[in-house]
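Take a look at the structure set out below.
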Amino acid sequence: QHRGTLCVLPEGTSSLGPRHLPFKSGAAHVAFDYLAAPGAPLVIVPMGIHYDAPTEFRSRIEVVIGKPIPTEMPEGWSRVEKLRELKRRFEIALEDVGVNVVSDEYQDTIQRLAYIATLGTKRSYFRALKQLEKEVPAPLTESWKALAAEFQRPGLLLHQGVPLCPIFPLALMFAVLALIGPITLAGWLLNAPPLLAGAWAGRKFADGPNVITLWRMLVGVPVFILWAAIISITFALLGHPIWIAVYAVITIAALKLTRLTRKVVIEINNGLRHGDLRERALSFHQQLLNTLPDETL
């Protein structure tokens, strides 16, 4: 007998909409047939994957693992009854590890709020979404509407739909940017062809936000491999193998620093041009944290 792991996507396709697509019955049939035959025990575990910025490369990912789904069935039930019950249990378990809301607009709101809740904290993005899944408390809604009305200010930069304001002195922020900015910029310039190819593919071929990053990777990664090979061969032929290592170090560093660099630039811009918004944003952040239940991490 062989043991292993099988991953099944019961929606049949991916979606970033406000709720899950109708679940197919195939997973229930596979599980039922396996359980009906003698063999190794079967443990069915629901899982959900949540991206805080699904269209952004190297977005933070949170994998949610639910409780194992019970498979015991009452004696005397027919095959159809057992299949229906098993599928029902699947649906309940998958909804527990997912977030399902009433509309795209409401989804956009709680995604922004959940991201704000993670700023400067160790809070779970998924838990924040789940805590706001049913409703946003009225006082918080009013404060959010007042703050969101300011997002249309000319020159105000947003990150994942919200303005980032500096919590440290601007002088320190400039020092950080002076340290990491050149490395990030060098990495971008050294890898401009694969970056541009990936960006082009995301705009050209993606038919929805759920596959933008996929297309960027499908095109950008092969171009990057080819580009890195060309650079490595060129330096080797020129007798400068040390530059291959330099290229690799800068590329890896830029990959890891890109998200931080973007956030620092946004914070500096907003601090210089919209410093009056800082206190309101920080006040709302605190109100949000006070509204959400405490987390034990």
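All values derive from a computational prediction rather than experimental measurement.
- Distance CG/N191 to CD1/I250: 9.5 Å, rounded to 0.5 Å.
- One hydrophobic cluster, built from ILVMFWY side chains closer than 4.5 Å, cannot hold both L140 and L289; they sit in different ones.
- Across every non-hydrogen atom of I69 and P46, the tightest pair is CG1-CD, 3.9 Å.
- I65 and L6 sit in two unconnected hydrophobic clusters of ILVMFWY residues. Membership requires side-chain heavy atoms under 4.5 Å apart, directly or through other members.
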- Query: Run the side-chain contact (heavy atoms from CB on, under 4.5 Å) check on L83 and H29 step by step: do they pass?
  - Reply: CA-CA 7 Å; L83 280 170; H29 280 275; 3.4 Å; yes
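- Salt bridge status for E133 with K130: present, with a side-chain N to carboxylate O gap under 4.0 Å.
- The CG atom of L42 lies 5.0 Å from the CG atom of L35; values are rounded to the nearest 0.5 Å.
- Between H159 and Y115, the angle of the ring planes lies from 30° to 60°, which puts this pair in the tilted group.
- Separation of atoms CG (L156) and CG (N270) is listed at 4.5 Å; rounding is to 0.5 Å.
- Residues I116 and F284 meet the side-chain proximity criterion, which asks for heavy atoms closer than 4.5 Å.
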- Message: Go through it in stages, so that I can follow the logic: the residues are W215 and W200, the test is side-chain contact (heavy atoms from CB on, under 4.5 Å), and I'd like the CA-CA distance, side-chain angles, deciding distance and then a yes or no.
- Response: CA-CA 9 Å; W215 276 109; W200 171 81; over 6 Å; no
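- Residues F205 and V211 are not in side-chain contact: their nearest non-hydrogen atoms beyond the backbone lie 4.5 Å or more apart.
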- Would R88 and E91 satisfy salt bridge (charged side-chain N to carboxylate O under 4.0 Å, His left out), going step by step from the backbone distance to the final call? CA-CA 5 Å; R88 186 188 71 84; E91 291 175 346; over 6 Å; no
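- Between the side chain of T109 and the backbone N or O of E105 there is at least one donor-acceptor pair closer than 3.5 Å.
- Hydrophobic clustering, with ILVMFWY side chains joined whenever heavy atoms are under 4.5 angstrom apart, keeps V223 apart from L195.
- No side-chain donor-acceptor contact under 3.5 Å links D96 to the backbone of G66.
- Using a 4.0 Å cut-off between charged nitrogen and carboxylate oxygen, E267 and K263 do not count as a salt-bridge pair.
- In plain terms, the two heavy atoms of Q107 and V101 that are nearest each other are CB-CG2, 3.7 Å.
- Under a 4.0 Å N-O distance rule, the pair R84/E81 does not qualify as a salt bridge.
- Separation of the F151 and W144 ring centroids falls under the 6.0 Å cut-off.
- Ring geometry, F126 versus H50: the interplanar angle falls from 30° to 60°, so the pair is classed tilted.
- Side chains of K87 and S25 form a contact here, defined as non-hydrogen atoms less than 4.5 Å apart.
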- Item | Steps toward side-chain contact (heavy atoms from CB on, under 4.5 Å) verdict (Q286, N290) | CA-CA 6 Å; Q286 190 59 53; N290 292 339; 3.1 Å; yes
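- In this structure, CD1 on I268 lies 13.5 Å from CZ on R273, to the nearest 0.5 angstrom.
- Using a 4.5 Å heavy-atom threshold, the side chains of V136 and Y106 count as touching.
- Following chains of ILVMFWY side-chain contacts shorter than 4.5 Å, one cannot reach I230 starting from L196, and the two form parts of different hydrophobic clusters.
- Looking only at side-chain heavy atoms (C-beta outward), V99 and L132 stay at 4.5 Å or farther from each other.
- Counting only distance, with no hydrogens or angles, the side chain of K256 and the backbone of T251 share no donor-acceptor pair below 3.5 Å.
- Between V219 and A197 the shortest heavy-atom distance is CG1-O, 3.7 Å.
- With respect to the salt-bridge test (charged N to carboxylate O, under 4.0 angstrom), the residues E62 and R127 do not qualify.
- Taking the side chain as every heavy atom from C-beta outward, E150 and R280 approach each other to under 4.5 Å.
- Checked by atom type and distance alone, the side chain of S15 never pairs as donor or acceptor with a backbone atom of L21 at under 3.5 Å.
- Using modelled atom types, one finds no donor on one side chain facing an acceptor on the other under 3.5 Å when comparing D52 with T118.
- Of all the heavy atoms in N269 and G155, the pair that sits closest is ND2-O, 2.9 Å.
- The structure places CG of L113 at 9.5 Å from OG1 of T291, a figure rounded to the nearest 0.5 Å.
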- Task: Please assess E11 against L94 for the test side-chain contact (heavy atoms from CB on, under 4.5 Å), listing each intermediate value before the final yes or no.
- Result: CA-CA 10 Å; E11 291 176 283; L94 289 169; over 6 Å; no
Quiz: residues 163-187 side-chain donor-acceptor pairs under 3.5 angstrom, not counting sequence neighbours:
from, atom 1, to, atom 2, distance (Å)
T184, OG1, I180, O, 3.0
T184, OG1, T261, OG1, 2.8

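- With sequence neighbours left out, N210 forms a side-chain hydrogen bond (donor to acceptor under 3.5 Å, both in side chains) with S14.
- Looking at L190 and I231, their side chains never come closer than 4.5 Å, going by heavy atoms from C-beta outward.
- Grouping the Ile, Leu, Val, Met, Phe, Trp and Tyr side chains by contacts below 4.5 angstrom, directly or via other members, places V249 apart from I244.
- To the nearest 0.5 angstrom, Q111 atom CD is 9.5 Å from D104 atom CG.
- Under the 6.0 Å cut-off for aromatic ring centres, W227 and Y247 do not qualify, their centroids lying 6.0 Å or more apart.
- Residues V8 and A27 approach most closely at CG1-CB, 3.8 Å, considering heavy atoms.
- The shortest distance between side-chain heavy atoms of C7 and L9 falls below 4.5 Å.
- One finds a salt bridge joining D276 and R153 here, because a Lys/Arg side-chain nitrogen approaches an Asp/Glu carboxylate oxygen to under 4.0 Å.
- Residues A31 and L86 approach most closely at CB-CD2, 4.0 Å, considering heavy atoms.
- Residues satisfying the side-chain hydrogen bond (donor to acceptor under 3.5 Å, both in side chains) test with H20, not counting sequence neighbours, are E95.
- Here the side chain of S283 pairs no donor or acceptor atom with the backbone of E279 at under 3.5 angstrom.
- Panel note: side chain R89, backbone P70; a donor-acceptor pair is recorded below 3.5 Å.
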